[in-house]
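Single-structure report; data block below.
All residue numbers in this chain count up from 1 along the given sequence. Both counts, for ligands and for their atoms, begin at 1 and track the order of listing. Computation of the quantities below employed the complete heavy-atom set of this structure, encompassing side-chain atoms and omitting hydrogens, waters and symmetry-equivalent molecules. All values derive from a computational prediction rather than experimental measurement.
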Amino acid sequence: MLSTMQDVPLLISRILTHGARIHGSSRVTTWTGEGAPQRRTFAEIGGRTAQLAHALREDLGVEGDDRVATLMWNNAEHVEAYFAIPSMGAVLHTLNLRLPAEQLVWIVNHAADRVVIANGSLLPLLAPLLPHLPTVEHVVVSGPGDRTLLADAHARVHEYEDLIAGKPTDYDWPELDERTAASMCYTSGTTGDPKGVVYSHRSIYLHSMQVNMAQSMGLTDQDTSLIVVPQFHVNAWGLPHATFMTGVNMLMPDRFLQPGPLAEMIESEKPTHAAAVPTIWQGLLAELTVKPRDVTSLTQVTIGGSACPPALMSAFDDLGMRVCHAWGMTETSPLGTIARPPAQVVGLPEEFAYRLTQGRFPAGVEARLSGPGGERLPWDGESAGELEVRGPWIAGAYYNGPGGEVLRPADKFSEDGWLKTGDVGTISPDGFLTLTDRAKDVIKSGGEWISSVELENALMAHPAVAEAAVVAVPDDRWGERPLATVVLKEGADADFETLRAFLAEEGKIAKWQLPERWTIVEAVPKTSVGKFDKKVLRRRYAEGALDITQL
Ligand code: AMP
């Protein structure tokens, strides 16, 4: 029997028109560095989105599932592109501006992007790539920057504002199949070629509703969200779509991502919520220590992308900024888990431990743990295995070029279609995920696993340590042993013996897991999305480029 319900496709255009009409007075505020920030209401964004769609179709000839790329910071124009491109039926392709040039070229060619919308400030990055991007016919430039850099470009160059000026502020958005491609994002892939994840209208719609649930980010039109997580990284964790559903004001930092400007925008624009990876918050914390600011408006901070160090969570708690830890991947849209402690522990000492886990799976995400031989492991909080997930906003394959079959590599997808996350962890009987490592970062010592993350967190709790990364290095006797690389805080001093003793204190770390190899580094190398790049550390060690002390 079929249901008697209406079958209205879940489309990005519906999120847009809802936000522009029902929450027309909510605002997107973009930081400009100097002078007043740029302010635009959702109603204005709605009108400009329609104008952009007209310009893309009528002036640039974008049609069908053409890919339109963005090389942009978080700002109002990027929000307009987010809505215009998928709503008209084309595919938004967000480019990660921190990727090495060769990877960007590979990705644009693989997606066969026809148009690139770029911020003027990023033209020094785009201009030298353009000769290698034969599919790109048009470049649309928005915001300040030197246009002469594009003087020799094969592509036609347009000004964003000129292009949309005078176009109608409404658009007859097509009634698309909700399963069609809306946007794509390539994984930052530390091994092999980058892999394209293609989100559908339906997956984005459902994911946005989940982001908005009280158990997830739970924001309303009384909130302002400082969206630091880049729009080029997993759709800024779905926030631009989710906020248009509920009227949450967006505060966009544009290119001003340094701790100083971030502290300044928090003090002056008074966001109530913010989202970013831990490294951004470590920087802000250091800044606030040196130069205290009024950050009391900010009461909710969503942290994900890599594990939130306990020391960071407590420091933020002390400042009145309550951290909510979440886990996800490009392949999971990204919301996979979120750490809201269960009601019965709220206010009790156990609450903190729950908040430090990666959290619980929201409705819509199913999970299982797979052991080394592929066997299912119990949710007992002890058995560690690879996490596999499935659900309506989880990738089931990767993009394989125009007209090509999709890719389903066996190391990424199980035979029955679940995503193999490559993350290793445990799940407690009450459903809380604790990640202990990336499958490739776990240290295998004498047949036992040592969690690099656990050692890092314990080290980063020492007052002299700014950052610490632990990697596996080959060892004749044990197979692998941990190498601790430590960044000391400015002016701080601590010798390795002291740090090792600190780890051993109160049984924080089992004795056999304590690292015997130590080194000080100036900074932990980071990937294009701000995560510890352990591959680089392992390579430096192998090349003998690190000054190792053996205890
Ligand atoms: P990406 O696709 O670049 O967003 O990277 C996804 C990966 O980041 C995951 O597979 C995890 O390894 C890592 N990750 C994301 N969030 C967390 C978290 N809260 N704790 C630990 N690792 C995380």
Tell me yes or no: between the side chains of [X] and [Y], is some donor less than 3.5 Å from an acceptor?
| X | Y | answer |
| --- | --- | --- |
| D430 | W379 | no |
| D223 | T272 | yes |
| T337 | Q358 | no |

Within the 4.0 Å heavy-atom shell around T330, which atoms of ligand 1 are there?
1 (P), 2 (O), 3 (O), 4 (O)

Between K420 and E388, does any NZ, NE, NH1 or NH2 come within less than 4.0 Å of an OD or OE carboxylate oxygen?
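Judged by the 4.0 Å cut-off on N to carboxylate O distance, E388 and K420 do not form a salt bridge.
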
Could you check which of [options] puts a non-hydrogen atom nearest to [atom]?
| atom | options | answer |
| --- | --- | --- |
| atom 12 (O) of ligand 1 | I338, V453, D423, D441 | D423 |
| atom 3 (O) of ligand 1 | M329, R438, H325, H233 | H233 |
| atom 19 (N) of ligand 1 | A307, C308, A326 | A326 |
| atom 18 (C) of ligand 1 | C185, G304, S306 | S306 |

Under the criterion ring-ring contact (aromatic ring centres under 6.0 Å, His included), which of Y399, Y199, F232, Y186 is the partner of H93?
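Of all the options given, the one that passes is Y186.
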
Should L435 be counted as touching ligand 1, given the test is an N or O pair under 3.5 Å?
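No; the residue has no nitrogen or oxygen that sits under 3.5 Å from a nitrogen or oxygen of the ligand.
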
Under a heavy-atom criterion of less than 4.0 Å, does G305 contact ligand 1?
yes

Run the side-chain hydrogen bond (donor to acceptor under 3.5 Å, both in side chains) test against S200 and tell me which residues pass, sequence neighbours left out.
S203

